[in-house]
Protein chains: 4
Amino acid sequence: MILTVDITSDVPIYQQLRDRVVEAIADGRLAVGDSLPATRALAADFGINFHTVNKAYDVLRQQGLVRVQRKTGATVSKDQSTGPPDAAFTEDWTARARTLLAEAVANGMPAAEVQERCRALLDGFVDKGRTS
Amino acid sequence: MILTVDITSDVPIYQQLRDRVVEAIADGRLAVGDSLPATRALAADFGINFHTVNKAYDVLRQQGLVRVQRKTGATVSKDQSTGPPDAAFTEDWTARARTLLAEAVANGMPAAEVQERCRALLDGFVDKGRTS
Amino acid sequence: MILTVDITSDVPIYQQLRDRVVEAIADGRLAVGDSLPATRALAADFGINFHTVNKAYDVLRQQGLVRVQRKTGATVSKDQSTGPPDAAFTEDWTARARTLLAEAVANGMPAAEVQERCRALLDGFVDKGRTS
Amino acid sequence: MILTVDITSDVPIYQQLRDRVVEAIADGRLAVGDSLPATRALAADFGINFHTVNKAYDVLRQQGLVRVQRKTGATVSKDQSTGPPDAAFTEDWTARARTLLAEAVANGMPAAEVQERCRALLDGFVDKGRTS
DNA sequence: GTGGTCTAGACCACA
DNA sequence: GTGGTCTAGACCACC
């Protein structure tokens, strides 16, 4: 499990960590039951405060993607095979997707190219870590 | 031009306004040269401060989507027909799209459904405000 | 005398008009005693309010570059051959030049190139409309 | 880092602050990575509102000269050694330089003196903060 | 009548 | 302790 954060980015560090874990789950690098790095170790690697890592893990826990236990640390509790998302998530996600896709179109990216890029990104997810 | 904002949302109000305008540009409700509501008038409609609207318009100006002049107010200065976006935008957008699509997959939405939802959203953009 | 204004610029129109006249004086297209276009005619040409032209001429008058009379309209009252500027002007101008030159240097333009560009611009002024 | 602002000037305070920072970068008093004063602290020093300082820093951020982060505050992100400016900047800068130089010439400053003053100002920039 | 600038003060987010 | 967001209200600049 290799994660990267850009300390100079405008995106909050805890958000970057959360995003990288979500991507790792999506492309199969992290499967259900897998352990995430220990908070203090990960914080030391990046030279950041371990509270920041804690916050990232807590966000993932609130979103139901990881389980945090005192002894085992953080483990992935859900992945794409667990079942379809609930209606609330789908609604919220669709609203954010609408904005993101609109941003591409409004900036002049042809709708066909937008769709193709989405397809390519999704291929990257389903291809990794799977046999089927 | 009808915009909506959710005062109770965690998303900053100025960001919501910016998002709504981007979507309106993408689906053709706002075309190049169209005027946005006056900052103070829009603020009064929503019961928010005019500085908040100001910031939303300023963000859109920085992103090259609207032009702000003292006399004219804010007008749309760019749309999907202006030409392809530059490399920096495309790179940044793709990174954000990767995270958003990963979030859907990680929460159990099948890749095919994700792609279908993207297609449906894009259809909504290209269909509106066109004669064809 | 041909002036141009960019109605879409962030620079106020009256300021643009003032700048164009100053440049015309510097490069010799306008000499002492020459008439500036009538305010209403110029306003009609550009499709702008004649008060805006008036303001531009008034700024030039305050700066001692033109004289405005009811009958003759606006005429150039001073040019580069009238004598050296006073200390107040020189001090103010130098402060503004410091900022402008610093902006180029801070953005990575080599000092030698900045100086060369200044020389080229000055050549453009002293070459036109002179025999010497 | 010493900055000065003139409350009585017609130039907006945030613009003055931005200009002083640009000059400090140009003459080497501020190097890449250096921190700018905290917005609220600087505001208190000058007896102005912190929003005004905020705006100055935001303008510098938009121009790519400083980076603003929650924890670190504002730091210089670019200086004259970063590489040449892009074409858009050069074009815009040259237009403003034309006006400024024309103003000196139109007010009777000999072109040779204008050039000499530019050279002297540029010397001030390249001399400071260097070991050579 | 439009946006621009500045002030004052509150509460929140990030690290 | 840093900046970010939002509110409220004043006065100014441009057209």
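Reckoned from all heavy atoms, side chains included, excluding hydrogens, waters and symmetry mates. A, B, ... follow the sequence lines: proteins, then strands. Residue 1 opens every chain.
Rounded to 10 degrees, the angle separating the terminal axes of the helix from dG1(E)-dC14(F) to dC14(E)-dG1(F) is 30°, with each axis obtained from five end pairs.
Judged as a side-chain contact (heavy atoms from CB on, under 4.5 Å), and not counting sequence neighbours, the contacts of D92(C) are R96(C).
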> How does protein contact run along nucleotides 4-10 of chain F, one letter per nucleotide 5' to 3', with B for base contact, S for sugar-phosphate only, - for none, heavy atoms under 4.0 Å?
Replying inline: BBBBBBB
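Under 4.0 Å is where a charged nitrogen must lie from a carboxylate oxygen, and between D58(D) and R61(D) at least one such pair does. The existence of a salt bridge linking E103(D) and R98(D) is excluded, since no basic side-chain nitrogen approaches an acidic carboxylate oxygen closer than 4.0 Å.
Atom pair D10(B):CG and dC11(E):P shows a separation of 18 Å (rounding to whole Å applied). Computed from coordinates, the Y57(D) OH to dT2(F) C1' distance equals 12 Å when rounded to whole Å.
Inter-residue side-chain proximity for T75(C) and D34(C) is flagged as unmet; no heavy-atom pair is nearer than 4.5 Å. Side-chain contact between L42(D) and L3(D): present, with at least one pair of heavy atoms (C-beta onward) separated by less than 4.5 Å. Using a 4.5 Å heavy-atom cutoff, the side chains of I48(B) and L17(B) are in contact. Between Q63(D) and R18(D), some side-chain heavy-atom pair lies under the 4.5 Å cut-off. Using a 4.5 Å heavy-atom threshold, the side chains of N54(D) and N49(D) count as separate.
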